[in-house]
Amino acid sequence: SVISVLLVLAVLTCGLGVLGYVLTPPNFNMHINNELKKIGDAGENIDMMFVGASRVYHTFVPTVFMDEMGYDQVYNFGAANAPYSATYHQLKNMAERYDPARVVIGVTLDELIDQEWLRGKMVIWDRLNLKGKLEFMFGGLGLKNWKYTITAYRFRDELDNISYNLSERKILKETDYAPQYNDDYHYGGYGFISGDTGLEEGGIAIDGARSFSRDKINPSALGYLDKCIDFCKARGIDVILVTAPTSMMRLFNIAGYQDAADYYNAYAESKGVSYYNLNLLRDREDFLPDTAMFDYNHVNGEGANTISHIFAQILKDADAGLDTSGYFYKDFGELKDSVHRIVAVGCLSITSESEEDLPEETAPEGMTREYLDLISFHADGVVPEYQIEILYNNSHAAEDPTSASLAVEDPDNVDISVEGSGDPASVSHAAGNPASAPVTEILIPWTTESKLYIDVPAKKGKHRGPL
C-alpha cells in the first residue's frame, strides 16, 4: 500500500509538472534562467549583483557597469513588487551560487511600508534553485501560499493559451532566447528590462500618492533588509544601498519624502554601508526629463542608460576614495528649488453626493453637480495658471443633447469664454446664474483658487454623463 501511494504521488507530481509546463506563458524569467544556467555551466561568478523591486530592473543596465567598471559579469535581479523578504532569499541564493564581490540593494519607501505582494514573491520563486525554494517556502514565502508554488495552479487561467504558449517557447529555444518584446518594453539581457516608450514633458498624470512617517514602517520588512546587509557582511561582500529615480511628479506627490530620505541615510550610516539617493542627482532636470520616463515610477531605456553611466562613475569615484557628495542636492528642498516648470497638473471631478465636505447646494432636477478640483506640482512661489477644457461625450450627447452648465463661486476672477455652436453673448458671469450654452467645448483660463463646478445630465444606465 505504501508503494501504491508513492506511485500515485509520483504520477500526480509528473502530471502537474507537465501541465504546469504547458500552461506557463512566455516570460522574462525564462531568459534569466537560461542565462544563469550558462553562467553556472561555465563555472563563472557574477562580480556585481543588483537586487530589489521594479525600479531596480528598469534602471540599472548591467552592460554599462561591465564596460565602465571592468567587471566580467554584472546581473540585475530586480523583480516587480519584490518585498524585502523575497529580495533577501534571492540575494542569499544567488550569492551562494555565483559568489559576487559586490551587491547593490535597491531601497524605496514603498518596500518599507507596503504590504507584501505575492506577485513579487512568485517572480523570485521561479528563479531559485531547489535549496533556495525550500528556504523561501519556510521563510519569506510562507506555507499559506504553498499552492502558488504549483505552476499548474498558478497559471490555471492559461488553459485556452496552451498552443500559443508552446509555440512561443519553441521560438525562444530556436532563437537561443533572443530579446523578447512585450508591448512597450523588452528584455535587455542580464536581467535588465528596457522600457521602449517615453512620456510627454509635463504630461505625467498625477499618480502614486504616498505619505511616509516612521510609525508606518513594517518591522518585518526592516528585519529582512537587516538580514540582507548582515548576510553580505558575513560573506565579505561589499554592500551598497541605492534608491533608483522615480519621476519628478511622484517626488512632489509623496508627503514626507525628505523624512524617508533622512531615514535611509541614518539607517545606512548605522549599518556602516554606503547609500546613494539617485532621486537627488544634481541637475537631474537637464538629463532626466519626463520623456526619459517609461511611466510615472520607472525610467525607460534612455533614462536607464543615462542613470547607469552616472551611477557607474559615482561608484568608480567612491572606490577611488573621492568625495561623491557633489553629485547630489543636499535635500529635497534644494531639488525642488531647481525646478522651473509646472511638473504635473491634475483635474479631479467629484460629485456632491460622494463628498460630505462639499457645499450643500444642489443641482437642478435631472442634473448632477460635479466639482472640478485642480491640483498642480511646482516649486514654491510659482503661481499656476490653468486652462480647463470640458469635452462632451458625443455618443451620449447625441442621445440626450442637454446643455451643460458652468458656475464658479468667485465669478469676478474667472474669464469664461465659449467656443462652438453656442452664442457667447448668452454666457453670464453672475453668481447663481451659471453660464449655459449648447456647445461641444468650453475653455476657461483660470488663475484663482475658486471652486468650479459643472452641472451635467444625471447618470443614466452605464453612462456617466456627457462630461
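No hydrogens, no waters, no symmetry mates; every other heavy atom, side chains included, goes into these values. If you read the sequence from its start, that first residue is 1, and numbering goes on from there.
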How would you list, by chain and number, every residue that makes a side chain to side chain donor-acceptor pair (under 3.5 Å) with Tyr190, sequence neighbours excluded? none
For the residue pair Phe60 and Phe50, categorise the inter-ring angle as parallel (less than 30°), tilted (30 to 60°) or perpendicular (more than 60°).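 The rings of Phe60 and Phe50 lie parallel, inter-plane angle below 30°.
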Mutual orientation of the aromatic rings belonging to His31 and Phe28 [parallel < 30°, tilted 30-60°, perpendicular > 60°]: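 It falls in the tilted class, 30° to 60°.
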For the [atom1] atom of [X] and the [atom2] atom of [Y], what is their distance to the nearest 0.5 Å?
X	Y	atom1	atom2	result
Asn297	Thr108	CG	OG1	8.0 Å
Lys133	Thr149	NZ	OG1	9.5 Å
His58	Ile307	NE2	CD1	14.5 Å

Between [X] and [Y], do the side chains contain an N or O donor and an N or O acceptor separated by less than 3.5 Å?
X	Y	value
Asp226	Tyr267	yes
Glu35	Tyr187	yes
Asn93	Asn129	yes

My understanding is that only one of Val107, Asn277, Val104 makes a side chain to side chain contact (heavy atoms under 4.5 Å, CB included) with Leu241; could you say which?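 Going through Val107, Asn277, Val104 one by one, the side chain to side chain contact (heavy atoms under 4.5 Å, CB included) with Leu241 is satisfied by Val107 alone.
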Got a sec, which pairs hit side chain to side chain donor-acceptor pair (under 3.5 Å) with one end in residues 191-204, sequence neighbours left out? His186-Asp196
Cation-pi check, Arg169 onto Tyr21 ring (under 6.0 Å, within 45° of axis): yes
Atom CD of residue position Glu269 - does it have more than 12 heavy atoms of other residues, nucleotides or ligands inside 6.0 Å? no
Would you check if the side chain of Arg127 reaches a backbone N or O of Leu36 as a donor-acceptor pair within less than 3.5 Å?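 Pair absent, no side-chain N/O of Arg127 close to backbone of Leu36.
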List the steps, then state whether side-chain contact (heavy atoms from CB on, under 4.5 Å) holds for Met248 with Phe377. CA-CA 9 Å; Met248 193 70 77; Phe377 295 148; over 6 Å; no
Starting from the C-alpha separation in whole Å, work towards a yes-or-no answer on salt bridge (charged side-chain N to carboxylate O under 4.0 Å, His left out) for Glu334 and Arg282. CA-CA 9 Å; Glu334 188 178 9; Arg282 188 170 294 278; 3.5 Å; yes
